[in-house]
Amino acid sequence: MQCYSIPKVQGYYMNHDMLGEEGDFITSPEISQMFGELLGIWFVSEWIAAGKNAAFQLVELGPGKGTLLGDILRVFSQLGSLLKNCDISLHLVEVSQKLSEIQALTLTEEKVPLERNVESPVYMKGVTKSGIPVSWYRDLQDVPKEYSFYLAHEFFDVLPVHKFQKTPHGWREVLVDIDPQVSDKLRFVLAPCATPAEAFIQNDETRDHVEVCPEAGVVIQELSERISLTGGAALIADYGHDGTKTDTFRGFCGHRLHDVLTAPGTADLTADVDFSYLCRMSQGKVASLGPIEQQAFLRNMGIDVRLKILLDKTDEPSLRQQLLQGYNMLMNPMKMGERFNFLALVPHQRLHGRNHQTNARQSKPSPSPVAGFGELAWR
Ligand code: SAH
């Protein structure tokens, strides 16, 4: 969608708590604790595989209510003996004042007052309940360029897209205009001539409608640059496609589809993430793994074992039902199992010397050395 540059003070994400049953949409960490726990294990596994650095930053883009980070931190605490000499810090990239307050409530120790400075790129600082320093930023650019693990869950789908349509005169951008017929309503119009954003379209594009999210490209370039310079990894999870879908831009309000042109600023606007574009934007600076479907990723991370452990721990019928329903929601191909995908960016050295392709003498591809992207290899 043509995005008129809106300062980061207004708009749907700025003052809403849109997540959860009462809100406009619900995300995996809000559905089941198992989701965050398995992601926590993924980060620890990558930290070990990369040589157990003495320190790391965990950076989350768009942390919502902080639930996902809370579940990840619980795993870090449980693996305390492994991580005890590692200097961990948290860095949250969040534009919403309202959600940053909720994140602070979820994550920080009440007795340690939050430091606030609206003028500073680090607009808030605190300490988590387990004693880890946590800082808030509006922009990834402001996060210190140190050894980091990055997490973006349902972040890329909220970034604005440009829409294009092929016409007999070539590509034309689809713009948003005020509807002269109906008050309080917008309408789509085709740009009368070529617009600069057309540069985003690939020369060999075969679709006749295309959505491009340049902001996602900028974030991926920044992540790739950082990972190639300092190491670490990024884990990206979202609903999306591999450069094949056409018109996915839509709105949600109160868990129902909402006309994107009606009552602007009141609904969650979203577009499926084009994973092939994200991979292209890494410009070969890092290696990418995936996209792999959520059900495969979580199964590879051991969700079935985790479910069994949690079920064995409780006889409470409502808790057991909640666990089973959560598992079904995350894994069922008709629900989130196939629609959501995981993509990882890792330094090239991480895969160095490993052969990912099918070995000529083997019938099966060799397992990925990165957890989640291949079947768990028990050693
Ligand atoms: N990751 C969370 C929340 C996803 S909702 C979860 O899985 O539950 C999207 C999140 O991204 C919200 O926290 C929203 O406020 C934040 N966000 C939206 N636009 C952003 C931007 N341009 N920069 C940083 N955060 C943004």
Side-chain angles (χ1 to χ4, degrees), residues 1 3-40 43 58-73 90-107 121-124 134-143 150-161 213-220 222-223 234-240 251-253 255 265 267-273 294 297-298 326 329-330 336 339-342:
M1 184 61 28
C3 165
Y4 300 99
S5 177
I6 301 168
K8 289 182 175 176
V9 289
Q10 280 176 6
Y12 173 77
Y13 275 96
M14 300 312 296
N15 304 307
H16 266 72
D17 169 12
M18 70 298 288
L19 282 152
E21 274 166 33
E22 310 281 293
D24 295 324
F25 59 98
I26 190 156
T27 59
S28 296
E30 304 296 330
I31 290 169
S32 173
Q33 67 179 84
M34 293 186 283
F35 187 82
E37 290 169 347
L38 297 172
L39 267 53
F43 287 112
L58 180 59
V59 183
E60 186 174 1
L61 306 176
K65 292 187 176 190
T67 312
L68 181 51
L69 263 185
D71 291 336
I72 291 175
L73 290 183
L90 297 184
H91 303 263
L92 278 58
V93 180
E94 176 57 80
V95 286
S96 159
Q97 180 63 32
K98 172 104 184 179
L99 284 178
S100 64
E101 295 297 334
I102 298 178
Q103 291 151 16
L105 268 181
T106 311
L107 298 168
V122 192
Y123 65 87
M124 199 158 73
V134 45
S135 310
W136 277 263
Y137 313 77
R138 291 179 196 91
D139 203 310
L140 172 62
Q141 306 271 359
D142 297 317
V143 175
Y150 299 92
L151 171 61
H153 178 250
E154 287 216 36
F155 169 74
F156 284 101
D157 72 86
V158 306
L159 301 179
V161 293
C213 178
E215 231 179 280
V218 171
V219 175
I220 289 290
E222 172 80 16
L223 291 176
L235 188 62
I236 295 159
D238 225 306
Y239 38 87
F252 283 98
C253 189
H255 299 265
D268 168 50
L269 301 186
T270 178
D272 281 13
V273 173
Q294 171 158 304
F297 179 86
L298 296 179
M329 193 73 177
L330 298 184
M336 294 166 128
R339 292 200 51 228
F340 279 73
N341 284 275
F342 279 73

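In listed order, ligands and their atoms are each counted from 1.
- Considering backbone and side-chain N/O atoms, E30 never comes within less than 3.5 Å of an N/O atom of ligand 1.
- Atoms of ligand 1 lying under 4.0 Å from any heavy atom of S96, numbered from 1 in the order shown and given with element: 15 (O).
- Counting all heavy atoms, side chain and backbone alike, G36 lies closest to L68 at CA-CD1, 3.5 Å.
- Taking every non-hydrogen atom of G64 and a distance limit under 4.0 Å, the qualifying atoms of ligand 1 come out as 2 (C), 3 (C), 13 (O).
- The N/O atoms of L19, backbone and side chain alike, include none that comes under 3.5 Å of an N/O atom in ligand 1.
- Any N or O atom pair closer than 3.5 Å counts here, and E94 shares at least one such pair with ligand 1.
- A distance-only check finds no donor-acceptor pair linking the side chain of Q294 to the backbone of R339 [under 3.5 Å].
- Residue contact check: P29 has heavy atoms under 4.0 Å from atoms 6 (C), 7 (O), 8 (O) of ligand 1.
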Would E30 and F35 count as a side-chain contact (heavy atoms from CB on, under 4.5 Å) here? Give the steps.
CA-CA 9 Å; E30 304 296 330; F35 187 82; over 6 Å; no

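- Of all atoms in ligand 1, listed by their number and element, those nearer than 4.0 Å to a heavy atom of E154 are 4 (C), 5 (S), 9 (C).
- When L99, L159, T270, L140 are checked for heavy-atom proximity to atom 12 (C) of ligand 1, L99 turns out nearest.
- Here's the thing with G62: one of its N/O atoms is less than 3.5 angstrom from an N/O atom of ligand 1.
- Expressed to the nearest 0.5 Å, how far CG of L105 lies from NZ of K65 amounts to 11.5 Å.
- Shortest non-hydrogen contact noted between D272 and G240 is CB-CA, 4.0 Å.
- Residue V158 places a heavy atom less than 4.0 Å from ligand 1.
- Near V93, meaning under 4.0 Å from one of its heavy atoms, ligand 1 places the atoms 24 (C), 25 (N).
- Residue contact check: E60 has heavy atoms under 4.0 Å from atoms 1 (N) of ligand 1.
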Set out, in order, the CA-CA distance, both residues' side-chain angles and the distance that settles side-chain contact (heavy atoms from CB on, under 4.5 Å) for F155 and V93, then state yes or no.
CA-CA 10 Å; F155 169 74; V93 180; 5.8 Å; no

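- There is no side-chain donor-acceptor pair under 3.5 Å between E94 and S100.
- Taking the six-membered ring for Trp and thresholds of 30 and 60 degrees, F342 and F297 have nearly parallel ring planes, at less than 30 degrees apart.
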